[in-house]
Chemist: 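The structure follows.
Order of appearance sets the numbers: ligands from 1, and atoms from 1 within every ligand. As the structure is a computational prediction, the values presented were derived from the model and not from experiment.
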Amino acid sequence: MRVLVTGGAGFIGSNFVRFALERHPDWRITVLDKLTYAGNLANLDDIRDRIGFVRGDIANRSDVEPLVSDCDLLINFAAETHVDRSILWADDFVRTDILGTYVLLEAARQHRLHRFIQISTDEVYGSAVTGSFTEESPLNPRNPYSASKAGADRLAFAYFVTHNVPVIITRCSNNYGPYQHPEKFIPLCITNALEDQPLPIYGDGRQVRDWIHVLDHCDALDFLIAHGQPGETYNIAGGQEHENIHIARTILETLGKPPSLIRHVADRPGHDRRYSLNTDKLARLGWHPQRQLQDGLRETIEWYRRHRSWWQPIKSGPFRDYYKKQYGSRLSASLP
Ligand code: NAD
Ligand code: TYD
């Protein structure tokens, strides 16, 4: 199988490539990645000689065409992914997440693929006041990131209906694990705690996310590549809902750091209160997550403790300007 992994130098993409090489040594994998601030070749260091790598943009036809014409399976992880950045600068979200997905789908229309996996997100449903969203729930994205992802999600579906592109859409909950960029919540809390810096908690910290270990997500994707039906959408979740404040406290406790490092800061505008997925559809097919958050989080904390050489260069680069812009005034006016 010739496999094209877009966004394969990011968090989930790089974990997926490593997982897939282990599970399917016969796959010929090529990564297409623009290497934005979130893409990092160091994420692929140990497997670099076993894959092809092309630096390029999914929104650029001439980057995409030759690669799509030479693949059987395309998995589209490439996206701008951070809600907080989408609030400050939405341009790249619209361009990559919507236009980029369109360019990939157009190329897939010209060349018959075995499968086109569109990595969507649970955030397209919006906030779950009560209950859990099924795949039939209406989409109600409420920030520029989730709105762009919803656009891509429906565009992928439209290419299945209209042009017969064998699209499978997955909507996964919040991932955690190794190689996640330190601006995202869990790695930010871990690395700040390791540096004895405050952990910024938006508002009351009682927002709820469902957490899944990235390798469980990779396993679910591999399962759906084999057993999913084109034209179908599948929710994927860890089934482990927790308040943000609980996660932050657990990280501090695990590292032996004081709870006084927690700082409640001004909330994210339009912050979705809770994400929650009903995963019966995937369970009926026979897939279930394997990892408990308690164990996965401990391992993840240990990974960041041992891999300072991975995250310190990221945190000392342009990250500092981002951090100042995102948290500077919030932290100096932190809430009780
Ligand atoms: P990430 O930000 O860590 O990685 C994104 C990757 O895409 C980076 O390597 C980046 O360089 C690349 N990229 C960005 N724009 C590009 C472009 N125009 N052309 C080519 N490459 C480009 O993101 P992630 O957390 O690994 O998320 C991967 C996918 O999974 C995304 O589609 C995201 O929406 C989805 N998702 C993420 C989560 C999560 O919790 N992280 C949950 C559900 C769904
Ligand atoms: P994030 O990792 O950005 O994922 P998402 O918003 O896509 O779910 O954030 C996870 C949760 O943590 C979310 O409710 C926002 C919250 N959060 C904070 O409280 N402080 C922070 O500094 C960050 C980055 C996130």
Side-chain angles (χ1 to χ4, degrees), residues 5-16 31-41 43-44 54-60 63-64 75-87 92-93 95-97 99-101 103-104 117-124 127 143 145-146 148-149 152-153 170-177 179-189 192 198-212 214 217 221 235-238 242-245 247-248 262-268 270-275 277 323 326-327 330-331:
V5 179
T6 64
F11 164 46
I12 307 176
S14 62
N15 274 286
F16 181 81
V31 166
L32 169 64
D33 198 294
K34 190 176 173 183
L35 296 182
T36 66
Y37 82 94
N40 186 353
L41 273 181
N43 297 0
L44 299 168
V54 177
R55 184 171 192 178
D57 185 343
I58 61 162
N60 187 342
D63 290 347
V64 162
I75 309 163
N76 181 25
F77 292 100
E80 286 293 332
T81 61
H82 195 175
V83 173
D84 289 331
R85 283 184 186 255
S86 81
I87 293 167
D92 285 344
F93 288 78
R95 184 170 186 281
T96 291
D97 301 12
L99 180 66
T101 302
V103 170
L104 291 173
I117 313 291
Q118 174 59 19
I119 308 296
S120 188
T121 165
D122 63 348
E123 303 197 22
V124 296
S127 200
N143 60 61
Y145 163 67
S146 53
S148 303
K149 291 295 290 185
D153 178 311
T170 64
R171 297 181 184 145
C172 190
S173 63
N174 285 64
N175 285 225
Y176 69 95
Y179 299 104
Q180 186 168 30
H181 193 282
E183 72 180 16
K184 297 288 175 68
F185 182 61
I186 286 185
L188 182 72
C189 288
N192 277 16
L199 277 53
I201 305 297
Y202 295 156
D204 63 6
R206 303 202 56 196
Q207 305 85 358
V208 171
R209 295 293 183 265
D210 177 295
W211 294 98
I212 184 171
V214 64
H217 184 190
L221 292 174
N235 288 343
I236 304 171
H242 291 283
E243 292 182 348
N244 295 336
I245 190 75
I247 302 282
I262 287 181
R263 292 296 148 75
H264 288 272
V265 300
D267 208 348
R268 170 189 283 175
H271 197 167
D272 287 334
R273 192 73 181 163
R274 174 170 170 259
Y275 293 140
L277 291 178
Y323 199 80
Q326 194 63 256
Y327 298 103
R330 271 175 158 153
L331 279 168

Chemist: Evaluating non-hydrogen atoms only, which member of A79, A38, S173, G7 is closest to atom 14 (C) of ligand 1?
Modeler: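 Selected option, by shortest heavy-atom distance: A79.
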
Chemist: Passes ring pair (Phe, Tyr, Trp, His ring centres under 6.0 Å), H181 versus Y37? Steps please.
Modeler: CA-CA 9 Å; H181 193 282; Y37 82 94; 5.2 Å; yes

Chemist: For L35, which part has a heavy atom under 4.0 Å from ligand 1: side chain, backbone, both, or neither?
Modeler: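 The answer is the backbone.
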
Chemist: What atoms of ligand 1 come closer than 4.0 angstrom to any heavy atom of N174?
Modeler: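 Reading through ligand 1 atom by atom, the close ones are 40 (O).
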
Chemist: Quick check: does E80 get an N/O under 3.5 Å from an N/O on ligand 1?
Modeler: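 No - when backbone and side-chain N and O of E80 are compared with those of ligand 1, no distance drops under 3.5 Å.
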
Chemist: If you compare all heavy atoms of A237 against all heavy atoms of D210, which two are closest, and at what distance to 0.1 Å?
Modeler: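 Closest approach of A237 to D210: CB-OD1, 3.6 Å.
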
Chemist: Any atoms of ligand 1 less than 4.0 Å from a non-hydrogen atom of S120? List them with their elements.
Modeler: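 Checking each atom against S120, I get 43 (C), 44 (C).
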
Chemist: So is there a nitrogen or oxygen of I12 less than 3.5 Å from a nitrogen or oxygen in ligand 1?
Modeler: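 It does: an N or O of I12 is found under 3.5 Å from an N or O of ligand 1.
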
Chemist: Starting from the N and O atoms of ligand 2, collect every protein N/O partner closer than 3.5 Å and put each pair on its own line with the distance to 0.1 Å.
Modeler:
from     : atom 1 : to   : atom 2 : distance (Å)
ligand 2 : 2 (O)  : F185 : N      : 3.1
ligand 2 : 3 (O)  : R268 : NH2    : 3.0
ligand 2 : 4 (O)  : N174 : ND2    : 3.4
ligand 2 : 6 (O)  : R268 : NH1    : 2.5
ligand 2 : 6 (O)  : R268 : NH2    : 3.3
ligand 2 : 7 (O)  : E123 : OE2    : 2.4
ligand 2 : 8 (O)  : N174 : ND2    : 2.9
ligand 2 : 8 (O)  : R209 : NE     : 2.7
ligand 2 : 12 (O) : N244 : ND2    : 3.4
ligand 2 : 14 (O) : R209 : NH2    : 3.2
ligand 2 : 14 (O) : N244 : ND2    : 2.9
ligand 2 : 14 (O) : H271 : NE2    : 2.7
ligand 2 : 19 (O) : Y202 : N      : 2.9
ligand 2 : 20 (N) : P200 : O      : 2.8
ligand 2 : 22 (O) : P200 : O      : 3.4
ligand 2 : 22 (O) : Y327 : OH     : 2.7

Chemist: Between the side chains of D84 and R268, is the shortest nitrogen-to-carboxylate-oxygen separation below 4.0 Å, so that they form an ion pair?
Modeler: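 Salt bridge: yes.
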
Chemist: Would you compute the distance between atom CZ of F185 and atom CD of Q207 and round it to the nearest 0.5 angstrom?
Modeler: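 CD of Q207 is found 8.5 Å from CZ of F185.
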
Chemist: If the contact criterion is a heavy-atom separation under 4.0 Å, does Y179 count as touching ligand 1?
Modeler: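 The answer is no: ligand 1 sits nowhere under 4.0 Å from a heavy atom of Y179.
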
Chemist: Side chain, backbone, both or neither: which part of F16 comes within less than 4.0 Å of ligand 1 when only heavy atoms are counted?
Modeler: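 No part of F16 is near ligand 1 at this cut-off.
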
Chemist: Any side-chain heavy atom of V31 within less than 4.5 Å of one from V54?
Modeler: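 SC-SC contact between V31 and V54 ruled out.
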
Chemist: Using a heavy-atom cut-off of under 4.0 Å, does the side chain or the backbone of A59 touch ligand 1, or both, or neither?
Modeler: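 Neither part.
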
Chemist: If we only count N/O pairs under 3.5 Å, is T36 in contact with ligand 1?
Modeler: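 Between T36 and ligand 1, an N or O pair is found under 3.5 Å apart.
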
Chemist: Measure the SG-CG distance between C189 and L199 for me, rounded to the nearest 0.5 Å.
Modeler: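 Between atom SG of C189 and atom CG of L199 there are 4.0 Å.
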
Chemist: S120 pairs by side chain to side chain donor-acceptor pair (under 3.5 Å) with which of N235, D153, T101?
Modeler: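 When side chain to side chain donor-acceptor pair (under 3.5 Å) is applied between S120 and each of N235, D153, T101, only D153 qualifies.
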
Chemist: Knowing that exactly one of V124, T121, I236 qualifies, which makes a side chain to side chain contact (heavy atoms under 4.5 Å, CB included) with R171?
Modeler: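 Only match with R171 under side chain to side chain contact (heavy atoms under 4.5 Å, CB included): V124.
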
Chemist: Work out whether the distance between some heavy atom of C172 and some atom of ligand 1 is less than 4.0 Å.
Modeler: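 Yes, that is the case, since the closest heavy atom of the residue is under 4.0 Å from the ligand.
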
Chemist: Could you list the atoms of ligand 1 found under 4.0 angstrom from a heavy atom of Y145?
Modeler: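 Counting atoms of ligand 1 from 1, those under 4.0 Å from Y145 are 33 (C), 34 (O).
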
Chemist: Take atom CZ in R273; do more than 12 heavy atoms of anything else shown fall under 6.0 Å from it?
Modeler: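 Counting neighbours around CZ of R273, more than 12 heavy atoms of other residues, nucleotides or ligands fall under 6.0 Å, so yes.
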
Chemist: Quick one, N175 and N15 - any side-chain contact, counting heavy atoms below 4.5 Å?
Modeler: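 With C-beta onward as the side chain, the pair stays apart.
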
Chemist: Decide yes or no for I58 and N76: does some side-chain heavy atom of the first lie under 4.5 Å from some side-chain heavy atom of the second?
Modeler: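 Yes. Closest side-chain heavy atoms under 4.5 Å.
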
Chemist: For ligand 1, is G8 a contact, meaning one of its heavy atoms is under 4.0 Å away?
Modeler: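 For ligand 1, residue contact (heavy atoms, under 4.0 Å) with G8 is absent.
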
Chemist: Parallel, tilted or perpendicular for F16 and F77, by the 30°/60° rule?
Modeler: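 It falls in the tilted class, 30° to 60°.
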
Chemist: Taking the six-membered ring of Y327, is the NZ or CZ of R263 close enough (under 6.0 Å from the centre) and on axis enough (within 45°)?
Modeler: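 Ring-cation test returns no.
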
Chemist: Would you indicate which of T81, N15, L44 comes nearest to atom 27 (O) of ligand 1 when only heavy atoms are counted?
Modeler: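 Nearest heavy atom to atom 27 (O) of ligand 1 lies in T81.
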
Chemist: Please lay out, stage by stage, how I247 and W211 fare under the test side chain to side chain contact (heavy atoms under 4.5 Å, CB included).
Modeler: CA-CA 10 Å; I247 302 282; W211 294 98; 3.7 Å; yes

Chemist: Can you tell me which portion of I119 lies within the under-4.0 Å heavy-atom range of ligand 1? Options are side chain, backbone, both, or neither.
Modeler: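 Both of them.
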
Chemist: With a 4.0 Å heavy-atom cut-off (strictly under), which part of K149 contacts ligand 1: side chain, backbone, both or neither?
Modeler: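 Contact part for K149 vs ligand 1: side chain (C-beta onward).
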
Chemist: Can you tell me if D57 has a non-hydrogen atom under 4.0 Å from ligand 1?
Modeler: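 Yes; D57 lies near enough to ligand 1 that a heavy-atom distance drops under 4.0 Å.
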
Chemist: Measure the CD1-CD1 distance between I245 and I201 for me, rounded to the nearest 0.5 Å.
Modeler: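 If we round to the nearest 0.5 Å, I245:CD1 and I201:CD1 are 5.0 Å apart.
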
Chemist: Using a strict cut-off of 4.0 Å, indicate which atoms of ligand 1 neighbour a heavy atom of A78.
Modeler: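 Under 4.0 Å from A78, ligand 1 has these atoms: 7 (O), 20 (C), 21 (N), 22 (C).
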
Chemist: Less than 4.0 Å is my threshold; does some heavy atom of G56 fall inside it relative to ligand 1?
Modeler: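 Distance cut 4.0 Å: G56 passes for ligand 1.
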
